[in-house]
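Numbers restart at 1 for each chain; the letters A, B, ... are given by sequence-line order, proteins then strands.
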Number of protein chains: 2
Amino acid sequence: MLKLTKKADYGLMALKYLAEHPETVALSAKDVADAYGIPAQLLAKILQLMTKHGLLRSHAGMNGGYSLARDARQISAYEVILAIDGPFFITSCTKGTKSCELTPSCTIKEPLARVNDTIAGVLKSISIQDLAEHEQPANRAREGHGLVALTL
Amino acid sequence: MLKLTKKADYGLMALKYLAEHPETVALSAKDVADAYGIPAQLLAKILQLMTKHGLLRSHAGMNGGYSLARDARQISAYEVILAIDGPFFITSCTKGTKSCELTPSCTIKEPLARVNDTIAGVLKSISIQDLAEHEQPANRAREGHGLVALTL
DNA sequence: GAAATGCCGACAGAATCGGTCGTATACTGA
DNA sequence: TCAGTATACGACCGATTCTGTCGGCATTTC
């Protein structure tokens, strides 16, 4: 399928929302959840995850909430996905801990690992700021573009 | 997460195997399954799927089996994944049939849709032939490389 | 001290995925 | 013609993962 989980979507949406409201000191999980119609408790856990990974700063107590730990330009979509869904690999048998058992099967995986890197590169090149800026599809014809080379 | 299903992996492996054995007229599902230790019946269904999508030709009866419907260069990884896993979208709320119901939420999705296109482009640029050639990591330093531009 | 908020673990329902089984159909070759 | 091999297809089940909820606790502000 190759798709993000809803959690990752929610996380990106929440960060975008925070990036769009820089004037406020902090926004509570409920604020963001209400803004998008996301289950509040679920979003809360997602925000906590991102806090743990250093993407957000949290503040308990009344008028508490979350704020971006860094400038929106310094947070990439890759980091968000990594924080929420964990490390991803395009191949099922991730060549990490426990490689593929099937005898010589994973010859496929070596080229696909490079695809994986390419995708990661694309996601790393996208910042929360980029997401927030594209509110209106009008300014789509901007010049900024990342170039990604895939070497087979 | 962002990973392929095992079925897609199996499908790619099977096509690679077929591409590596061009001399044989046809290989049965069992042949391929045995070669890689894949459950035979599962692989059979995958091969049938790819046949239905025009990637393979099938031949029933004794000495039957499957053969590539086109040259290995003309079959992209994208087509394989599409045939097996169906159309994929990186975003949960695919902007196809039933768009996101959440009020204004899917502002995120528009930039991610472009990421999606980029990934699709990468996968389209990879042929079964490419997979088959990379049997040995020795000839990795080949010159052929696809260039993918992501315009934010 | 009370209210609001974040923090955390456990858990349940739903969806998806991986894999199996059974049966029907098609082709080959003796 | 008949047996054997192979594809074709649908139903099903167990396991895993994902989504979302609940309950309790900690922290800060007022």
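In terms of phosphate contacts, B/S58 brings no side-chain nitrogen or oxygen within less than 4.0 Å of OP1 or OP2 of D/dA6. OP1 or OP2 of D/dG20 has at least one side-chain nitrogen or oxygen of A/Y10 nearer than 4.0 Å. Dashed line: the shortest gap from a side-chain N or O of A/Y66 to OP1 or OP2 of C/dC7 is under 4.0 Å. In this model, the phosphate group of C/dT16 is not approached by any side-chain N or O of B/T5 to a distance below 4.0 Å at OP1 or OP2.
For residues 32-49 of chain B, the pairs satisfying salt bridge (charged side-chain N to carboxylate O under 4.0 Å, His left out) are B/K30-B/D34, with sequence neighbours left out. Applying the salt bridge (charged side-chain N to carboxylate O under 4.0 Å, His left out) test to residues at least two apart or on different chains, none of the pairs has a partner in residues 48-65 of chain B.
Taking the screw axis at each terminus of the helix from C/dG1-D/dC30 to C/dA30-D/dT1 from five consecutive base pairs, the angle between the two is 10° to within rounding of 10 degrees.
When rounded to the nearest whole Å, the span between NZ of A/K7 and C1' of D/dG20 equals 9 Å. Between the P atom of C/dC11 and the CG atom of A/L42 lies a distance of 19 Å, rounded to the nearest Å. One interatomic measurement links the two molecules: CE of B/M50 to C1' of D/dT7, which rounds to 14 Å at whole-angstrom precision. B/L56 places its CG atom 11 Å from the P atom of D/dT7, with the value rounded to the nearest Å. C/dC7 atom C1' lies 9 Å from atom NZ of A/K52, rounded to whole Å. The NZ-P distance, from A/K30 to C/dA4, rounds to 11 Å in whole Å. Counting to the nearest Å, the C1' atom of C/dT16 and the CG atom of B/L4 are 16 Å from each other. Between the C1' atom of D/dA8 and the NE2 atom of B/H53 lies a distance of 15 Å, rounded to the nearest Å.
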Using residues 64-78 of chain B as the side-chain source, report each donor-acceptor pair under 3.5 Å to any protein atom, sequence neighbours left out, with the distance given to one decimal.
unit_1: B/R70; atom_1: NH1; unit_2: B/Q74; atom_2: O; d: 2.7
unit_1: B/R70; atom_1: NH1; unit_2: B/E79; atom_2: OE1; d: 3.3
unit_1: B/R70; atom_1: NH1; unit_2: B/E79; atom_2: OE2; d: 3.2
unit_1: B/R70; atom_1: NH2; unit_2: B/E79; atom_2: OE2; d: 2.9
unit_1: B/D71; atom_1: OD1; unit_2: B/R73; atom_2: N; d: 2.7
unit_1: B/S76; atom_1: OG; unit_2: B/Y78; atom_2: N; d: 3.4
unit_1: B/S76; atom_1: OG; unit_2: B/E79; atom_2: N; d: 3.2

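Scored by the ring-ring contact (aromatic ring centres under 6.0 Å, His included) test, A/H21 finds A/Y17 as partners (sequence neighbours excluded). By the side-chain contact (heavy atoms from CB on, under 4.5 Å) test, A/H53 pairs with A/L49, A/A83, sequence neighbours left out. Contacts of B/P22 classified as side-chain contact (heavy atoms from CB on, under 4.5 Å), with partners at least two apart in sequence or in another chain: none. Not counting sequence neighbours, the partners of A/S28 by the side chain to side chain donor-acceptor pair (under 3.5 Å) test are A/D31.
Nucleic acid contact class of B/A44 (heavy atoms, under 4.0 Å, all strands): none.
Under a 3.5 Å cut-off, the side chain of B/T24 and the backbone N or O of B/L27 do not form any donor-acceptor pair. The backbone N or O of A/L82 sits nowhere less than 3.5 Å from a side-chain atom of A/D85 that would complete a donor-acceptor pair.
The side chain of A/P39 sits closest to D/dT21 out of D/dT21, D/dA8, C/dT5.
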remark   = Heavy-atom contacts, protein to nucleotides 22-30 of chain D, under 4.0 Å, summarised as B (base), S (sugar-phosphate only) or - (none) per nt, yield B----BBBS
